[in-house]
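The next block holds one structure in the form of structure tokens; read it before the comments.
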Amino acid sequence: MLSEPRSGRLAAWGNALLAGLVSPDDAVLAIVGEDAVHRVDGLPGESGPVGLTLALGRLRSLGASGLRVALPAPGHPLGLSGPPEFNARALDAEQAVICHGAALGLVPEVQEAGPDGDVHVEVVWHCLAVREAPPADVPSLGEAERELAEALREATEVLSRLDVAASGPVAEAAIDAYRARSERGREVLAPGYPPRAVRVLELAQRVGLLISVAYERGHGGAVSASEMAARASALRPVERTARRAQVAAYNSVVEERERGVR
């Protein structure tokens, strides 16, 4: 699972920009992060790829008042609303951004070049038509927080019983080291998000890293077929719940606006 998907950065800082809480330069700087450059291709009214500043302004002029995240996986079209062509592109990329107020969506294509240690990353966001309909399977922040806490407890019990790498000091040290590298100098969410969204996203990202460590370490202490099956069955629902929680956090500003909270 991505600890900070590019779609999350684009939606979070794009929402802050659309709300007038950050400048275009600050928003673009946060969205690009350590990548070299981001462009948007297929934007209505443009004949070729354009920069993020122009693209975000154009999306606003086309009616976009907010940005939602989708983090789909096989069998789980989380955050998507169609049509099938867009869903297929988003599923292939495992993420997408959906415009609220404009029937458009953005799917990233990542291109890498250069030797190890000096990789040059360029991202092209493909702008495509989407269906204006409620996104699939996105919980509220409260639901996401409760589900995540419950799933984490259940999975920890199973993984600990099987002596599977996903808990304990070694895994915790790996996660802390990863977070120190990947989160240095960044905000978890952009200005304008409620504290609960920050809390839910931080927990979801930590759970995602635990799952990643478990997968990277193979089968851990699970040696029999039944133990490996139990391990996989413990991880799958937690991974699904963590993705749902990430989407709920990134989308919370738009959801609150729709309910008239702010």
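Under the 4.5 Å side-chain criterion, counting only non-hydrogen atoms from C-beta, Leu91 is in contact with Pro74. Taking the side chain as every heavy atom from C-beta outward, Val28 and Val32 approach each other to under 4.5 Å. Looking only at side-chain heavy atoms (C-beta outward), Leu18 and Ser65 stay at 4.5 Å or farther from each other. Residues Leu43 and Leu59 have side chains in contact (heavy-atom distance under 4.5 Å, counting atoms from C-beta outward). The side-chain heavy atoms of Val124 and Pro108, taken from C-beta on, include no pair separated by under 4.5 Å. Between Leu56 and Ile31 there is a side-chain heavy-atom pair separated by less than 4.5 Å.
Side-chain contact annotation: Tyr250 with Asn15, donor-acceptor N/O pair under 3.5 Å absent.
Note on residues 64-84: pairs passing salt bridge (charged side-chain N to carboxylate O under 4.0 Å, His left out), not counting sequence neighbours, are Arg68-Glu255, Arg68-Glu258. Among residues at least two apart or in separate chains, there is no salt bridge (charged side-chain N to carboxylate O under 4.0 Å, His left out) pair with a member in residues 74-83. Note on residues 23-32: no pairs pass salt bridge (charged side-chain N to carboxylate O under 4.0 Å, His left out), not counting sequence neighbours. Legend: salt bridge (charged side-chain N to carboxylate O under 4.0 Å, His left out) pairs involving residues 113-123, not counting sequence neighbours, sorted by first then second residue: Arg39-Glu122.
Ala197 approaches Tyr193 most closely through the heavy-atom pair CB-CD2, 4.2 Å. Closest approach of Leu21 and Pro191 over heavy atoms only: CD1-O, 3.6 Å. Among all heavy-atom pairs drawn from Val40 and Ala55, the shortest one is CG2-CB, 3.5 Å. Between Leu148 and Ala245 the shortest heavy-atom distance is CD2-CB, 3.9 Å. Of all non-hydrogen atoms in Ala242 and Val207, the two that sit nearest each other are CB-CG1, 4.0 Å. Taking each heavy atom of Ala96 and Val107 in turn, the nearest pair found is CB-CG2, 4.1 Å.
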Show me the side-chain donor-acceptor pairs of residues 99-106 shorter than 3.5 Å, one per line, residues at least two apart or across chains.
none

Compile the donor-acceptor pairs under 3.5 Å between side chains in residues 129-140 and protein atoms, sequence neighbours left out, one pair per line.
residue	atom	partner	partner atom	Å
Arg131	NH1	Ser81	O	3.3
Asp137	OD1	Arg244	NH1	2.6
Asp137	OD2	His76	NE2	2.6
Asp137	OD2	Arg244	NH1	3.1
Ser140	OG	Glu143	N	3.1
Ser140	OG	Glu143	OE1	3.4

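By the side chain to side chain donor-acceptor pair (under 3.5 Å) test, Glu85 pairs with no residue at all, sequence neighbours left out. Residues satisfying the salt bridge (charged side-chain N to carboxylate O under 4.0 Å, His left out) criterion with Glu46, sequence neighbours excluded, are Arg58. Taking the side chain to side chain donor-acceptor pair (under 3.5 Å) definition, one finds that Glu112 meets it with nothing, sequence neighbours left out. Looking at residues two or more places apart in sequence or on another chain, you find a salt bridge (charged side-chain N to carboxylate O under 4.0 Å, His left out) between Glu145 and Arg196, Arg199.
When hydrophobic clusters are built by joining Ile, Leu, Val, Met, Phe, Trp and Tyr residues whose side-chain heavy atoms come closer than 4.5 Å, directly or via intermediates, Leu62 is grouped together with Leu17. In terms of hydrophobic clustering, with Ile, Leu, Val, Met, Phe, Trp and Tyr side chains grouped at heavy-atom distances under 4.5 Å, Val198 and Val69 are assigned to a common cluster. Following chains of ILVMFWY side-chain contacts shorter than 4.5 Å, one cannot reach Leu10 starting from Val254, and the two form parts of different hydrophobic clusters. In the hydrophobic clustering of this structure, Val50 groups with Leu52; members are Ile, Leu, Val, Met, Phe, Trp, Tyr whose side-chain heavy atoms approach within less than 4.5 Å, directly or through other members. Hydrophobic clustering (ILVMFWY, side-chain heavy atoms < 4.5 Å, transitive): Val123 and Trp13 are in one cluster.
Under a 3.5 Å cut-off, the side chain of Gln95 and the backbone N or O of Ser7 do form a donor-acceptor pair. Asp41 places no side-chain N or O within 3.5 Å of a backbone atom of His126 that could act as its donor or acceptor partner.
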Val121 and Arg6: side-chain contact (heavy atoms from CB on, under 4.5 Å), yes or no, with the steps?
CA-CA 12 Å; Val121 179; Arg6 289 180 173 88; 3.6 Å; yes
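Note that CG of Leu78 is 9.5 Å distant from CD of Gln246, once rounded to the nearest 0.5 Å. In this structure, His38 NE2 and Thr53 OG1 are separated by 12.5 Å, a value rounded to the nearest 0.5 Å. To the nearest 0.5 angstrom, Leu80 atom CG is 4.5 Å from Asn87 atom CG. Distance CD/Glu109 to CH2/Trp125: 12.0 Å, rounded to 0.5 Å. One finds the CD atom of Glu150 at 8.0 Å from the CD atom of Glu147 (value rounded to the nearest 0.5 Å).
Connectivity analysis of hydrophobic side chains (ILVMFWY, heavy atoms under 4.5 Å, direct or indirect) links Val37 to nothing; its cluster partners are none. Under the 4.5 angstrom side-chain criterion for Ile, Leu, Val, Met, Phe, Trp and Tyr, the cluster partners of Leu141 are Val200.
Exactly one of Val247, Leu71, Val97 qualifies for a side-chain contact (heavy atoms from CB on, under 4.5 Å) with Pro5. That residue is Leu71.
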